[in-house]
Structure formats: structure tokens, C-alpha cells
**Q** 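Below you will find the structure I want to go over with you.
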Amino acid sequence: MPSHVLMLRAGYARMVGAGIYELLPLGTRVLHKIERIIREEMDGAGAHELLMPTFVPSEYFKETGRWEVYGPTLLRIKDRKGGEYHLAPTHEEIVTDLVRREIKSYRQLPLNLYQIQLKYRDEPRPRAGLLRCREFIMKDAYSFDVSEEAALESYAHMRETYHRIFKRLGLEYRVVEADSGAIGGKQSAEFQVLAQTGEDWIVACGACDYAANVEVAQAGRATPSAAQSASLEALVKVETPDTRSIEQVVSFFGGDTKASHTLKSLLYVAGEEVVLAVVRGDHEINEIGLARHLGVEEVVLASDAAVKEATRTEIGFVGPVGFEGRIIADPDAVAVPNAISGAGQTPYHYKNVNHGRDFEAEVVSVRQATSGDPCPNCDGKLELYRGIEGGHIFILGTHYSDKMNATFLDEEGKSRSIVMGCYGIGVTRLIAAIMEQHHDEQGIRWPVQVAPYEVIITPIGKDEEPIAKAAEIYEALRAQGVEVLLDDRSERPGVKFKDADLLGIPVRITIGSRGLKQGTVELKKRTESESLDVPLDGVVDAARAALAELGG
RNA sequence: CGGGGCGUAGCGCAGCUUGGUAGCGCGCACGGUUCGGGACCGUGAGGUCGGAGGUUCAAAUCCUCUCGCCCCGACCA
């Protein structure tokens, strides 16, 4: 059962609109638990919490150009006077404005400010419950330093802090190299929570700690070009109607033709230039890598019309042979001997295409890393995983401080731009991520540190004694500071047990007449199938011991 | 933005093709029997059929428009 179904069934949240949820009391308790851990660690790291507005005048985004750049994802609002506002998707501008007004001297730095607060992004496609929402709670922190070096220290410090947070939340995660988007900056890492329902693909080495988002992972290694291969066969043009995809090409040629015998040729618009990118048929192009190699901000796949104009060929039949223009080819692509590729003419493909003989290209790794690739750091191999981006930290540099004139006076009285870093955690997303990693067929199995309640007491039957004892134990546990839920509904035992499992409370105490006759009650951990009989007068200690074992 | 699907009782759905008294399961209320892993019997409450317009003697059903939600894709040749 995916986490969002569990979440709804167990009564943690309800949908209000697409990508808009309300957290019910149980969900709110989990949220507060997560927030508390984040606050403890952030405060411990020397960051200061503040609260910025969600409803902000457009002038700040206009100052940095994001009013235009952000596009339709930015939720824009007009007030009664026609003034322009937006609901904040992130707070770099607001915090930078605050800091430029307050910070005047190097003596006031470094500084780290954070908040835990709602964010608004009009996502093209919200999905999977709390995993991708249009309104969500984020912890966002911003560091301010006197220099790039100092900023790197702040960054490293935050990275450690994030490790502490993710570990305390009970998450299995990998820190991966990531793209930092249009802002640039060399240091960028995502905290990816491993989960089948994750939207991101990451690769991680089995032997060392290398891990990266496939968007930026270094894929493959230099391999010999086809021209060095022994038996090159003559180029043959074949008429291949209806073969627009690699899949269709492979089945057209049949036999033992594999996607890895073909070349995938993609035409990209990179600024003023049109380039042809070639990867092996079974590989995926890495657009971010391609853009970096070309030194442009982004590359855009050419439209049908643009392909026709540049190649006089239709999509599906484009190829490097005879292409007049810049060709970027992946090392694994040029290593394929006697490859099949589009012939640059509709509807034909070439057989036995060989790099060096039939076409020349700049050979650069421009494909996404995938399972089985060699690790760029060691002799290990990369594994492919799906991840949920739970956190992202990166250095902003002076991108915002330059644009917004956020400066300080250094020791020599010279004005310099503040160097910034930013650090986000998707708090509501983590609720879903934790559920994703901690559940079974019966329901959720919260790690005790984030569970909405630590103990659930389940009196059984209609007799007065179990109910009275349950109330006593409830009070005794509360007096000890244990967060405890009493199921005092007059439901049948089966119903109570199933619900307790669905809710995922880590420890259940079951009280029935049967046990009370022997002076015992039952104690069961959600993660274990067997229960334990404990003496009635020792149940408080037993429950606390069980919680301690679970790490509470 | 493109494609597909769905909006009927609180929840899950049938009914629509072929127009004619709005149904089923769960849940809910009441009564009774049950009571250690989602019991059972009986009685009952509950619906502007997402919205607007149209066709028709008659529309949940046919037509047009519109709103909302879910899934897939967003140019991977």
C-alpha cells in the first residue's frame, strides 16, 4: 500500500484540493515531532529561527528577476488596490532583504537564519499525497558569511546537521551530488530518502560513498572508438518505415539486435546553436551534463519543425552521418561498432555506422549514469535507486546579495557582498517519506521518535476491571511523561487491534480479564509479532523499557 | 500543456450502451444477540446524480459547454 493511501486510511490527513492537504490531529502530532527534531538540531548548530511572511509584495522577486523567471509555478495575487503579490515558493529574496537592512559589519557574521513554514508552488502535477504538494511545509535555512571559504564551512556544518536530522528521523537515505539549478554554485547535495515511490533517480556506489542524482552523475569512462575495432563492415542504407523509436528500430531489424547496438541522436537548441547529441540507444541523455559541456544554462530538445529545418529529416531518422553541424557523442556511443542509426533521411536508417570512419564528433560523457556503470571514484559499480528528495543544501554564493546589494564592511572598511548558502527540508514530504519506509501490510510502523503517540492502551471486553485498570495505567504513563493513547471505544477486540496496527503506535498494552486473573497485561511492539505478558504493577516500567529499546 | 479515466448517500461503487419510480456494500442511528485479531439479526435515517445550458411528454442516462479530481506523458526520436 503506497504511503498516501495508508495516510488517508489511518486518518492522518485529508485532501482538500489537488496538492492541498489538511493534517488531522494524528498527522499534526507527527509533524510536530519532526519539527521538534529539526529545531533541536538547527538550534544546536547555531541557527536562529524566525518567521517570514508567505504573502509578499512582488517587488522583491522583481528586484532579482525571479518575478519573470519563476513562471506559472509562482502563485500571483492582486490586492484590492491592484498591487501585485505572490505566495512565497521560497524565501531567498525576503531573507536577503532582511539581512541587508540589519547586517552592516563583518562582526555580525556568520549568521544562519531558518524558519519552518508553508510554501506555495503551483506544481504542474501534484501527486502521491504529501510527496508533491502545491502547499507544503518546508524548513528553509539561509547562511550568511564573509567569504566563500567561510560559506563552505557553514555548508559543511549544515551537511553534518542534516545527517543528524535524517538519522534521528529513522530514515534510510543517501547524500547525493546534485544540480543546483540556474543559480550555479559548486556545492550542492540532496538528501535522498530511498523509496520505490520516489520521483528521483540516483546512483550510488556499492563500494565507496559516491552517490549522485542521475542528472549530474558521471557516467561511464572513456572507451575506444569504433574505428579501432577490428572488423568494420560497409555502411548500408536500409528503408525502415515506421521506426521512430529505438524500440521500433530494434524490432524492425530483429534477430539479436539490441538497443545497445543502436545510436540515439537528439537535436538540441543550446542558445544560438543547434547541436546533435548522440548516445547509445539503451542510454538516456543527460541534458544538464550536455548544457554544462556547451556552457549554456539549459538545452531544449528541438521541435519537430526545428529538426526538419536543421536536418531535412523527420524525427526518428536523424543521425550523425552527414550531419552538418556540431556533434556531441557519448563515449559509449562512439564505442559501438557497426551501429544502427538514423540515416538523416526519411524513412531510412544506416547499418554499420562507425565513429571515426562515418562521422566525427566531440566525445564527451553526456548520458545519464545507470545501474552497472563504473564508479568514478573507485573500482566499484553504481547501483540505481529511486529517491524522495527530503533535503537539499547548496551554496548560493553572492547570486542574491549582488542583485540585492546585501553587503557588509570588512576589517579594512571595504564593502563586500555577503556569501550565502541555503538549506531546505521538505517537512510534510518527510511525513510521507517516513511512512513509505516504515509500514507493512497491517499499517504504519512509526519510529518511536516521530510516532504521534508512543503507547496505545487497548482494554478488551465489557468488564469493568480492564477498563478501570486501563485508565489507571493511562494516568500512570502520562505522569511519567509518556505520550499515550487510550482506546476507550466500545469496539470488539479485533477492531481495536487492527486500528492500533493501522495507526502504527510503537507499543500496545492490551488489558483483558483473562490476563488480569493472573495479574498480567500484554505488551506488544508494533514491529514484533509476539507479545509479552508483564505483571500489572510493573507495566509502566516495562512500557518505558520497551520505548527505550525502540530508541525513544 | 498533451493523452487517458472518473465525478451518483459520509466512503467505495453499480445503474448510462437501449431515456420512464435512484440502487448495492461499508459506515451511521435505534433495538437485540455477541465480545482476545475488522461478529450477526432486525428496523431506520441519509442523494439539487459535480455545475450550466440544450434535445424530449420525460434526462443520472443523449448533445454542448464548464468546473473539479486521479493516472500517464511533457518532446529521450
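Letters go in sequence order (proteins before strands), and every chain restarts at 1.
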**Q** To the nearest Å, give me how far apart CG (Leu131(A)) and P (C70(B)) are.
**A** 13 Å
**Q** What is the pairing partner of G47(B), taking Watson-Crick or G-U wobble pairs with both distances under 3.5 Å in any strand?
**A** none
**Q** Listed by chain and number, what are the ring pair (Phe, Tyr, Trp, His ring centres under 6.0 Å) partners of Tyr85(A), not counting sequence neighbours?
**A** Phe55(A)
**Q** Can you tell me how far P of G38(B) sits from CD of Gln442(A), to the nearest Å?
**A** 11 Å
**Q** For a quick check, tell me whether the side chain of Arg508(A) and the base of G37(B) share a donor-acceptor pair closer than 3.5 Å.
**A** yes
**Q** Strictly distance-based, threshold 3.5 Å: is any side-chain N or O of Trp446(A) a donor or acceptor partner for the main-chain N or O of Leu503(A)?
**A** yes
**Q** Rounded to whole angstrom units, what separation is found between the CD atom of Glu491(A) and the C1' atom of C35(B)?
**A** 11 Å
**Q** Going by ring pair (Phe, Tyr, Trp, His ring centres under 6.0 Å), name the residues that satisfy it together with His349(A), two or more places apart in sequence or in a different chain.
**A** Phe317(A)
**Q** Looking only at atom C1', what distance separates G36(B) and G31(B), rounded to whole Å?
**A** 26 Å
**Q** From C-beta outward on Leu502(A), which listed nucleotide comes closest to its side chain: C76(B), G38(B), G36(B)?
**A** G38(B)
**Q** What's the gap between A29(B) and C71(B) when it is taken at their P atoms, as a whole Å value?
**A** 33 Å
**Q** What N/O pairs connect the protein and nucleotides 41-45 of chain B at under 3.5 Å? Give each pair on its own line.
**A**
none

**Q** Mind checking who U18(B) pairs with, Watson-Crick or G-U wobble, both distances under 3.5 Å?
**A** none
**Q** How would you label the contact of Lys498(A) with the nucleic acid (heavy atoms, under 4.0 Å): base, sugar-phosphate, or nothing?
**A** base
**Q** Salt bridge check, Glu199(A) against Arg386(A): does any charged N sit closer than 4.0 Å to a carboxylate O?
**A** no
**Q** Would you kindly compare Arg492(A) and His4(A) by the position of their nearest RNA chain B nucleotide and give the one closer to the 5′ end?
**A** Arg492(A)
**Q** Judged by modelled atom types alone, do Asp487(A) and Thr458(A) share a side-chain donor-acceptor pair under 3.5 Å?
**A** no
**Q** Between Lys525(A) and Glu549(A), does at least one N-O distance fall below 4.0 Å, as a salt bridge requires?
**A** yes
**Q** Determine which nucleotide pairs with A58(B), using a 3.5 Å limit on both distances of a Watson-Crick or G-U wobble pair.
**A** none
**Q** Taking atom types as modelled, find out whether Asn213(A) and Glu177(A) have a side-chain donor-acceptor pair closer than 3.5 angstrom.
**A** no
**Q** State the pairing partner of A77(B); accept Watson-Crick or G-U wobble contacts with both distances under 3.5 Å, and report none otherwise.
**A** none
**Q** Lys462(A) side chain: which of C35(B), G38(B), G36(B) is closest?
**A** C35(B)
**Q** According to the Watson-Crick and G-U wobble definitions, with both distances under 3.5 Å, which nucleotide is paired to A52(B)?
**A** U64(B)
**Q** Using a 4.0 Å heavy-atom cut-off, does Val318(A) contact any base of the nucleic acid, only the sugar-phosphate backbone, or nothing at all?
**A** nothing
**Q** Do nucleotides 2-7 of chain B as a string where each nucleotide becomes B, S or -: B if the base has a protein heavy atom under 4.0 Å, S if just the sugar-phosphate does, - if no protein is that close.
**A** ------
**Q** What distance, rounded to whole Å, do you find between the two P atoms, one in U61(B) and one in A45(B)?
**A** 27 Å
**Q** Between Tyr120(A) and Glu135(A), do the side chains contain a donor N or O and an acceptor N or O under 3.5 Å apart?
**A** yes
**Q** In whole angstrom, what separates Glu123(A)'s CD from G73(B)'s C1'?
**A** 16 Å
**Q** What is the pairing partner of C24(B), taking Watson-Crick or G-U wobble pairs with both distances under 3.5 Å in any strand?
**A** G12(B)
**Q** Considering only atom P, compute the distance from C11(B) to C72(B) and round it to an integer number of Å.
**A** 23 Å
**Q** Does the side chain of His86(A) reach to within under 4.5 Å of the side chain of Leu75(A), using non-hydrogen atoms?
**A** no
**Q** Checking Asp499(A) now: which residues fulfil salt bridge (Lys or Arg N to Asp or Glu O under 4.0 Å) with it, not counting sequence neighbours?
**A** Arg489(A)
**Q** Which nucleotide sits closest to the side chain of Ala18(A): C69(B), U34(B), C71(B)?
**A** C69(B)
**Q** Decide, yes or no, whether a salt bridge links Glu491(A) with Lys496(A) under the criterion of side-chain N to carboxylate O below 4.0 Å.
**A** no
**Q** Compare side-chain N and O positions of Lys264(A) against OP1 and OP2 of A77(B) and report whether any pair is under 4.0 Å apart.
**A** yes
**Q** If you only use heavy atoms from C-beta on, which nucleotide in U34(B), G37(B), A77(B) is closest to the side chain of Leu266(A)?
**A** A77(B)
**Q** If the P atom of A59(B) is compared with that of A52(B), how far apart are they to the nearest Å?
**A** 14 Å
**Q** Please report the distance, rounded to the nearest Å, between CG in Asp487(A) and P in G38(B).
**A** 15 Å
**Q** Could you say whether Gly281(A) or Gly129(A) is positioned toward the 5' end of RNA chain B, judged by the nucleotide with the nearest heavy atom to each?
**A** Gly129(A)
**Q** Expressed in angstrom and rounded to an integer, what is the separation of Tyr268(A) atom OH from C76(B) atom P?
**A** 9 Å
**Q** If the P atom of C70(B) is compared with that of C35(B), how far apart are they to the nearest Å?
**A** 45 Å
**Q** Work out how far the P atom of G23(B) is from that of A60(B), and round it to whole angstrom.
**A** 13 Å
**Q** Please tell me which of the listed nucleotides, G38(B), C35(B), G37(B), lies nearest to the side chain of Asp499(A)?
**A** G38(B)
**Q** Do you see a donor-acceptor pair shorter than 3.5 Å between the side chains of Arg367(A) and Ser365(A)?
**A** no
**Q** In this structure, how many angstroms lie between the P atom of G37(B) and the CD1 atom of Ile460(A), rounded?
**A** 9 Å
**Q** Rounded to the nearest angstrom, tell me the gap between atom CZ in Arg14(A) and atom P in C69(B).
**A** 18 Å
**Q** Excluding sequence neighbours, so at least two apart, what forms ring pair (Phe, Tyr, Trp, His ring centres under 6.0 Å) with Phe497(A)?
**A** none
**Q** In the strands shown, is C40(B) matched to any nucleotide by a Watson-Crick or G-U wobble pair with both distances under 3.5 Å, and which?
**A** G32(B)
**Q** Using Watson-Crick or G-U wobble geometry with both distances under 3.5 Å, which nucleotide pairs with C69(B)?
**A** G5(B)
**Q** Between G12(B) and G47(B), how many Å separate the two C1' atoms, rounded to a whole number?
**A** 15 Å
